[in-house]
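Order of the sequence lines fixes the chain letters, A, B, ..., with proteins taken first and strands second; residue numbering starts at 1 for each chain.
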There are 2 protein chains.
Amino acid sequence: MDQPRRQYRRESEQSRRASLIAATQSLVAEGGPQAATVRAIAARAGVTPGLIRHYFRTKDDLTRAAYIALMDGMTDKGADALEGVGAMPEERLAAFVAAGLRPPVLDSAAVGLWAGYMHQVRNDPVLLQVHEAGYLRYRDALEALIAALPREADAAQLRAEAIACNALIDGLWVEGSLLPGSFAPGEIITIGLRSVGAILGVDLLAHSAMVSDTGKKLT
Amino acid sequence: MDQPRRQYRRESEQSRRASLIAATQSLVAEGGPQAATVRAIAARAGVTPGLIRHYFRTKDDLTRAAYIALMDGMTDKGADALEGVGAMPEERLAAFVAAGLRPPVLDSAAVGLWAGYMHQVRNDPVLLQVHEAGYLRYRDALEALIAALPREADAAQLRAEAIACNALIDGLWVEGSLLPGSFAPGEIITIGLRSVGAILGVDLLAHSAMVSDTGKKLT
DNA sequence: GCCTGAGTTATACATTTGGATAATCTCGCG
DNA sequence: CGCGAGATTATCCAAATGTATAACTCAGGC
């Protein structure tokens with residue numbers, strides 16, 4: 001009557017850590033930190049709970065690793081957005097803004113992850129540092145793109161504009177991710193481009209006409 | 001050696017419910033939903049855990065009540081912002097925007113609360129309805145204020161502008177609450193007014209000059 | 001082909017959690 | 001001043017959680 005011991009495959013440390021981290025992220029995204037119990041994580045990753053402790057000294061370690069992986073991924077996506085885009089400042093800024101307002105960045109799970117980790121980030125110095133670094137990197141990239149526009153602007157103005165544009169993108173990101181059914185396809189991107197343009201006094205919509213919703217250039 | 005039974009005071013149902021709700025909110029704001037255990041809530045409210053069940057059938061009931069109270073409070077604050085302000089459309093809009101960008105709305109605990117409840121809201125139909133109602137009420141109020149501006153704008157444009165302004169306010173709210181040290185006093189409000197004005201093509205800063213940082217009219 | 005070591009599972013444990021129930025204390029009312 | 005009602009506490013309980021440890025099994029080296 002006692003079933004045989006579950007059979008398994010040995011896998012590389014790399015792939016096991018990755019799948020445990022992925023399981024953690026998806027659980028936090030769906031149900032918040034409280035849903036990411038060791039047992040739930042193990043089940044989703046297809047292993048038994050004990051294995052977690054084999055790869056992570058403690059559950060907090062896994063949590064931290066999952067958050068760091070999240071931030072790294074976001075940064076990479078930001079950099080990708082400028083890949084292969086023209087040299088014209090308006091075009092580059094438009095591509096950057098649009099990239100933050102469509103999947104995979106604009107995604108219900110991403111907002112859920114971000115919210116789920118907020119408290120852990122606030123109470124953990126290590127995560128706080130990771131978070132601030134990622135946040136400022138994004139805002140600095142935005143400010144650099146704004147500074148490259150053919151306008152006259154002093155440092156204080158650039159800073160204020162970067163804060164405003166960043167807030168606008170963040171707000172649209174949250175709105176669009178949380179209420180995906182309330183917006184027509186591409187509506188969030190259009191609103192984002194028009195509003196950022198209005199704040200900066202340039203026309204971004206005209207410079208993004210050649211970029212489709214998927215981010216690929218139309219040919 | 002056995003200490004006597006802890007002495008207590010009987011209080012009205014109203015005040016007990018209120019203090020339990022307040023305790024729940026502060027705990028969620030500080031440490032997320034996981035920090036709001038029945039024992040922690042009871043301790044913060046100065047009662048024993050069993051009392052929670054006397055006033056709320058289950059812990060989920062208390063959680064729901066705390067969220068509903070939060071949303072109601074936000075709505076009230078939004079209405080208060082328009083109290084005693086002049087009739088000029090620009091002035092009213094400026095007051096509304098500014099109210100969302102200073103305490104008590106702009107507050108680290110408020111963002112923490114919002115984030116902490118996000119998953120619970122997403123997975124609970126009752127809370128979801130409360131949330132959507134509160135959200136749309138805010139956005140509609142904003143759209144009405146925008147529509148009152150002396151400009152020409154069709155319905156589609158008004159909708160898009162309301163979405164954009166709402167996102168901007170939300171984003172600044174999050175940024176300002178999470179990184180309070182990064183901004184000079186009033187900087188968030190100034191940026192918000194200027195940016196909303198830019199999006200709508202009106203000058204809100206001029207019409208808010210008579211409103212100080214505390215929201216009281218200067219005399 | 002076996003045998004050793006590391007990857008993986010199974011089991012156990014102390015703690016914490018939300019919930020249930022009975023005992024007890026407070027306070028308004030006669 | 002007594003007393004009854006119900007507000008509040010104390011105690012108990014089953015389930016879930018993170019962690020520790022022992023047992024097993026897969027894979028490569030001799």
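For Arg102(A) (side chain) and Leu106(A) (main-chain N/O), no donor-acceptor pair under 3.5 Å exists by modelled atom type. A donor-acceptor contact shorter than 3.5 Å links the side chain of Lys59(B) to the backbone of Ala36(B). Under the 3.5 Å distance criterion, the side-chain polar atoms of Glu175(B) are matched with a main-chain donor or acceptor of Ala167(A). Panel note: side chain Ser177(B), backbone Val174(B); no donor-acceptor pair is recorded below 3.5 Å. A donor-acceptor contact shorter than 3.5 Å is absent between the side chain of His119(B) and the backbone of Pro33(B).
Between the CG atom of Leu27(B) and the P atom of dT17(C) there is a distance of 11 Å, given to the nearest Å. At whole-Å resolution of the value, CZ in Arg53(B) and C1' in dC13(D) are 13 Å apart. Going from atom CZ of Phe56(A) over to atom C1' of dT19(D) covers 16 Å, rounded to whole Å. Rounded to whole Å, the distance from CD on Gln34(A) to P on dT17(C) is 13 Å. The nearest whole Å value for the distance from the NZ atom in Lys59(A) to the P atom in dG18(D) is 4 Å.
Taking CD from Glu187(B) and CG from Leu101(B), the interatomic distance works out to 12.0 Å, rounded to the nearest 0.5 Å.
Regarding contacts with the backbone of dT19(D), a side-chain N or O of Thr58(A) is found under 4.0 angstrom from either OP1 or OP2.
The aromatic rings of Trp173(B) and Trp114(B) sit perpendicular to each other, their planes meeting at more than 60°, with 30° as the lower class boundary.
Residues of residues 60-70 of chain B that place a heavy atom closer than 4.0 Å to DNA chain C do not occur.
Counting non-hydrogen atoms of other residues, nucleotides and ligands closer than 6.0 Å to CD of Glu11(B) gives a total above 12.
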* Using a cut-off of 4.0 Å between protein heavy atoms and nucleotide atoms, how would you tag nucleotides 4-16 of chain C 5' to 3' with B, S and -? -> -BBBBBS------
